Amino acid sequence: MATDHKASGNLEAAGQDFIREIVKADLDAGRTKQVVTRFPPEPNGYLHIGHAKSICLNFGIAEEFGGRCHLRFDDTNPTKEEQEYIDAIERDVRWLGFDWGKHLYYASDYFERLYNWAEDLIRAGKAYVDDQSQDDMRAARGTLTEGGKNSPFRDRAVEENLDLFRRMRAGEFPNGARVLRAKVDMASGNINLRDPVLYRILHAHHPRTGATWKIYPSYDFAHGQSDAIEGITHSICTLEFEDHRPLYNWFIANLDVPSKPHQYEFARLNLTYTVLSKRVLTELVRGNHVTGWDDPRMPTLAGFRRRGVPPEAIRDFIKRIGVAKSNSTVDAGMFEFSVREALNKTSLRRMAVLRPLKVVIENYPEGQIEELEAVNHPDDPAAGARKIKFGRELFIEQEDFMETPEIKFFRMSPGREVRLRYAYFITCREMVKNGKGEVTELRCTYDPASKGGNSPDGRKVKATIHWVSAAHAILAEVRQYSPLFNKPDPSGAKNFSADLNPNSLEVLSDARLEPALVDAKIEAPVQFERQGYFCLDRDSKLGKTVFTRTIGLRDTWAKDQAKENAAR
Ligand code: ATP
Ligand code: MG
């Protein structure tokens with residue numbers, strides 16, 4: 001699968017967007033010998049589809065231009081980072097089809113070197129220890145329109161700075177007592193250059209370095225230097241880091257680093273009906289709004305995997321949306337298009353009745369069972385055929401029957417003849433109702449001459465419906481998901497819960513599946529004919545089969561939602 005992707009990527013994707021153009025120009029001009037990129041996640045949550053854009057870009061460029069891509073954990077904030085996230089990120093990058101080979105790194109591997117560079121800056125008079133409180137520092141930082149004020153500690157002597165910084169490292173001071181700042185320019189129009197914090201005191205256990213460190217570098221101080229250590233040639237990140245680039249360059253220019261990487265920014269992915277902020281995703285999990293990071297409603301790679309979305313659908317989607325330099329929001333329907341495309345090609349067809357209505361065929365001999373042939377994939381003869389059992393008692397879909405049919409309803413109704421897929425024509429003769437007047441059973445007759453689905457006299461029926469044999473069907477729970485948010489642009493951090501879709505999960509506990517589905521594998525997609533794409537969920541156990549709907553066949557949800565929004 002990964003090879004396949006590589007082969008097509010070479011031809012189609014090279015030189016397709018402004019970043020690839022930059023890389024190509026650098027290689028052509030000899031400014032870059034071999035392109036080296038990195039994907040630098042902070043292990044404070046699971047990867048989401050926005051990260052997939054960054055992964056496909058960084059790993060994709062390395063593959064297409066004969067370079068390499070590193071996986072580097074940006075693990076500089078031990079209060080939020082966990083081993084579980086590290087493991088999940090590795091699993092998800094691999095699942096997406098990419099491989100970092102031996103190039104797995106951690107910013108924490110560089111803590112000692114980063115520390116020494118900080119001392120270099122102090123010795124050069126370019127960094128100082130600031131004792132101001134956080135509030136005072138914030139007040140002195142100025143605003144977008146007004147410059148900041150110098151700290152009273154800015155002109156501390158080098159020796160005093162060194163002594164204090166070493167004592168910070170030794171753990172002599174409590175959290176927040178002091179910070180190390182770069183001495184850049186408090187009057188700069190770019191707030192990031194107003195003496196940014198390089199180190200803060202944090203007495204916390206780090207997943208990798210344990211209790212060794214009592215101070216931790218800021219993102220800005222760690223990131224560019226990690227790039228330089230690893231020989232990254234093109235450090236590609238999202239647009240919100242554009243204003244950090246002058247600082248990135250300041251560190252590279254003022255430190256004795258082994259290489260001089262450049263930073264390039266692209267627009268992050270935003271999707272309608274979706275929140276891609278790790279903070280919100282974390283709150284969804286912690287607040288039990290979902291069952292976990294891999295809940296099929298989550299926009300995480302783990303969630304998509306569990307939902308049955310194949311990795312090639314995600315890669316295809318990322319390729320289609322391209323890489324641009326201004327932010328925009330992509331219609332979730334575009335993602336669904338890629339998902340349907342991928343699933344349509346590979347999913348075997350099966351029959352499943354989600355809301356069963358019993359059918360008894362009165363003229364079919366009691367106890368008789370016959371086997372009918374059904375194709376596994378209409379466009380792929382190599383997928384072969386299977387035998388399906390037919391008998392006197394069947395289940396059809398409740399919604400395929402209407403006692404009083406509407407004008408355009410051509411399926412089952414009293415007196416009407418329809419085709420049972422792969423089987424026979426049947427005619428509804430009578431309804432059985434319960435005490436509440438609900439139809440609980442249909443009494444039908446079949447035409448033995450219509451075996452296989454055609455009548456010898458050329459008579460037509462207007463509908464073909466799916467069915468399963470009552471005696472042979474597997475009882476299953478089917479979980480149908482719709483988007484977690486009911487607004488195209490859900491509120492972010494503060495108010496997201498107001499926009500949660502209360503009906504994002506529908507559980508059908510009485511579904512009946514054709515017996516071939518005993519062979520279904522977890523996360524492997526199948527198409528339930530006329531219904532959509534589904535996969536076996538890992539909650540299945542002996543005696544309980546659970547299927548998850550990956551996606552419906554058509555995009556009915558978005559249409560309904562548009563209608564509803566228009567009506568509001
Ligand atoms: P947060 O959601 O809290 O802002 P983050 O998503 O930026 O965090 P990181 O782990 O730092 O978390 O992201 C790793 C890389 O993925 C970064 O280079 C970041 O620019 C990129 N990335 C994150 N979100 C998106 C997105 N929506 N689209 C494209 N790239 C993204
Ligand atoms: Mg980030």
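Keep in mind that this is a model prediction, so the values were computed, not measured.
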Legend entry - Donor-acceptor under 3.5 Å (Arg181 side chain, Asp195 main chain): yes
Inset, instruction - Please confirm whether the backbone N or O of Gly303 pairs with a side-chain atom of Thr300, one donor and one acceptor, at under 3.5 Å? - result: yes
Legend entry - Residue pair Asp92 / His51, side-chain donor-acceptor N/O under 3.5 Å: no
Legend entry - Check ion pair Arg91-Asp87 (N to O, under 4.0 angstrom): no
Inset, instruction - Starting at CG of Asn44, measure out to CZ of Phe73 and round the result to the nearest 0.5 Å. - result: 11.5 Å
Legend entry - Contacts of Arg113 that satisfy side-chain hydrogen bond (donor to acceptor under 3.5 Å, both in side chains) - sequence neighbours left out: none
Inset, instruction - May I ask you to check whether His206 and Phe111 place their ring centres under 6.0 Å from each other? - result: yes
Inset, instruction - For residues Leu276 and Gly50, report the shortest heavy-atom separation together with the two atoms involved. - result: CD1-N, 3.9 Å
Inset, instruction - For residues Arg268 and Asn327, determine if any side-chain heavy atom of one lies less than 4.5 Å from a side-chain heavy atom of the other. - result: yes
Legend entry - Side-chain donor or acceptor of Arg94 paired with backbone N/O of Trp100 under 3.5 Å: no
Legend entry - Thr233 side-chain N/O to Val36 backbone N/O, donor-acceptor pair under 3.5 Å: yes
Inset, instruction - Drop me the distance from Leu475's CG to Ser509's OG, to the nearest 0.5 angstrom. - result: 8.0 Å
Inset, instruction - Nearest 0.5 Å please: distance from the OH atom of Tyr199 over to the NZ atom of Lys214. - result: 15.0 Å
Inset, instruction - Mind checking the CG-OG1 spacing from Asp537 to Thr545? Nearest 0.5 Å is all I need. - result: 11.0 Å
Inset, instruction - Test His234 against every option in Asp26, Asp227, Asn58 by the side chain to side chain donor-acceptor pair (under 3.5 Å) rule and name the one that passes. - result: Asp26
Legend entry - Stepwise side-chain contact (heavy atoms from CB on, under 4.5 Å) test for Thr37 and Tyr264: CA-CA 11 Å; Thr37 57; Tyr264 302 91; over 6 Å; no
Inset, instruction - Scan side-chain atoms only and decide if Glu42 and Tyr85 contain a donor-acceptor pair under the 3.5 Å cut-off. - result: no
Inset, instruction - Provide the closest heavy-atom pair for Arg349 versus Asn344 in the form atom of the first, atom of the second, distance. - result: NH2-OD1, 2.6 Å
Inset, instruction - Indicate yes or no for a side-chain donor-acceptor contact from Asp74 to the backbone of Pro40 under 3.5 Å, with no hydrogens or angles considered. - result: no
Legend entry - Distance in Å, Asp489 CG paired with Thr329 OG1, rounded so as to fall on 0.5 Å steps: 8.0 Å
Legend entry - Rounded distance (nearest 0.5 Å) linking atom NE2 of His289 with atom CZ of Phe496: 4.5 Å
Legend entry - Side-chain ion pair, Arg479 and Glu477, N-O less than 4.0 Å: yes
Inset, instruction - Give a yes or no on whether the ring-centroid distance for Phe547 and Phe534 is below 6.0 angstrom. - result: no
Inset, instruction - Look at the side chain of Arg350 and the backbone N and O of Gln527, then say whether any donor-acceptor pair between them is shorter than 3.5 Å. - result: no
Inset, instruction - Any chance you could lay out the side-chain contact (heavy atoms from CB on, under 4.5 Å) test for Phe165 and Ile215, step after step, and finish with the verdict? - result: CA-CA 9 Å; Phe165 187 47; Ile215 54 174; 3.7 Å; yes
Legend entry - Atom of Thr274, atom of Pro299 and distance for their closest heavy-atom approach: CG2-CB, 3.5 Å
Legend entry - Short N-O contact, Glu119 and Arg166, less than 4.0 angstrom: yes
Inset, instruction - Answer yes or no: is there a side-chain heavy-atom contact under 4.5 Å between Tyr216 and Arg200? - result: yes
Legend entry - Presence of salt bridge, Lys319 and Asp316, under 4.0 angstrom: no
Inset, instruction - Output, in order, the C-alpha distance, side-chain angles, deciding distance and verdict of side-chain contact (heavy atoms from CB on, under 4.5 Å) for Leu284 and Leu500. - result: CA-CA 10 Å; Leu284 286 171; Leu500 280 171; 3.9 Å; yes
Inset, instruction - Would you check if the side chain of Gln225 reaches a backbone N or O of Phe221 as a donor-acceptor pair within less than 3.5 Å? - result: yes
Legend entry - Phe335-Tyr273 aromatic ring centre distance below 6.0 Å: no
Legend entry - Pair Phe39 + Phe59: ring centers closer than 6.0 Å: no
Inset, instruction - Report yes if some heavy atom in the side chain of Thr32 is under 4.5 Å from a heavy atom in the side chain of Phe65; otherwise report no. - result: no
Legend entry - Note: Asp539-Arg306 ion pair, threshold 4.0 Å (strictly below): yes
Inset, instruction - Answer whether the closest heavy-atom distance between the side chains of Glu341 and Glu312 falls below 4.5 Å. - result: no
Legend entry - Smallest separation among heavy atoms of Asn190 and Pro246, with atom names: ND2-CG, 3.5 Å
Inset, instruction - Compute the ring centroids of Tyr248 and His244, then answer whether they are less than 6.0 Å apart. - result: no
Legend entry - Residue pair Lys126, Asp120: steps toward the salt bridge (charged side-chain N to carboxylate O under 4.0 Å, His left out) verdict: CA-CA 8 Å; Lys126 291 173 183 165; Asp120 289 348; over 6 Å; no
Legend entry - Main-chain N/O of Asp243 paired with Asn192 side-chain donor or acceptor, under 3.5 Å: yes
Inset, instruction - Heavy atoms only: give me the nearest Ser328-Asn270 pair and the separation to one decimal. - result: O-ND2, 3.2 Å
Legend entry - Phe337-Phe317 aromatic ring centre distance below 6.0 Å: no
Legend entry - Sidechain-backbone polar pair: Ser504 side chain, Ser482 backbone, donor-acceptor under 3.5 Å: no
Inset, instruction - Check whether NZ of the Lys or CZ of the Arg Arg38 lies under 6.0 Å from the centre of the six-membered ring of Tyr105 and within 45 degrees of that ring's axis. - result: no
Inset, instruction - Keeping the roles fixed (side chain from Ser235, backbone from Gly224), state whether a donor-acceptor pair exists under 3.5 Å. - result: no
Legend entry - Sub-4.5 Å side-chain heavy-atom contact between Thr238 and Lys53: no
Inset, instruction - Show the numbers, then the answer: is there a side-chain contact (heavy atoms from CB on, under 4.5 Å) between Ile236 and Phe266? - result: CA-CA 7 Å; Ile236 304 166; Phe266 70 100; 3.5 Å; yes
Legend entry - Nearest atoms (heavy-atom pairs only) where Ser326 meets Leu239: CA-CD1, 4.1 Å
Inset, instruction - Identify whether NZ of Lys or CZ of Arg in Arg169 sits under 6.0 Å from the centre of the six-membered ring of Tyr115 and within 45° of that ring's axis. - result: yes
Legend entry - Exercise: do Gln263 and Glu265 side chains pair donor with acceptor under 3.5 Å: yes
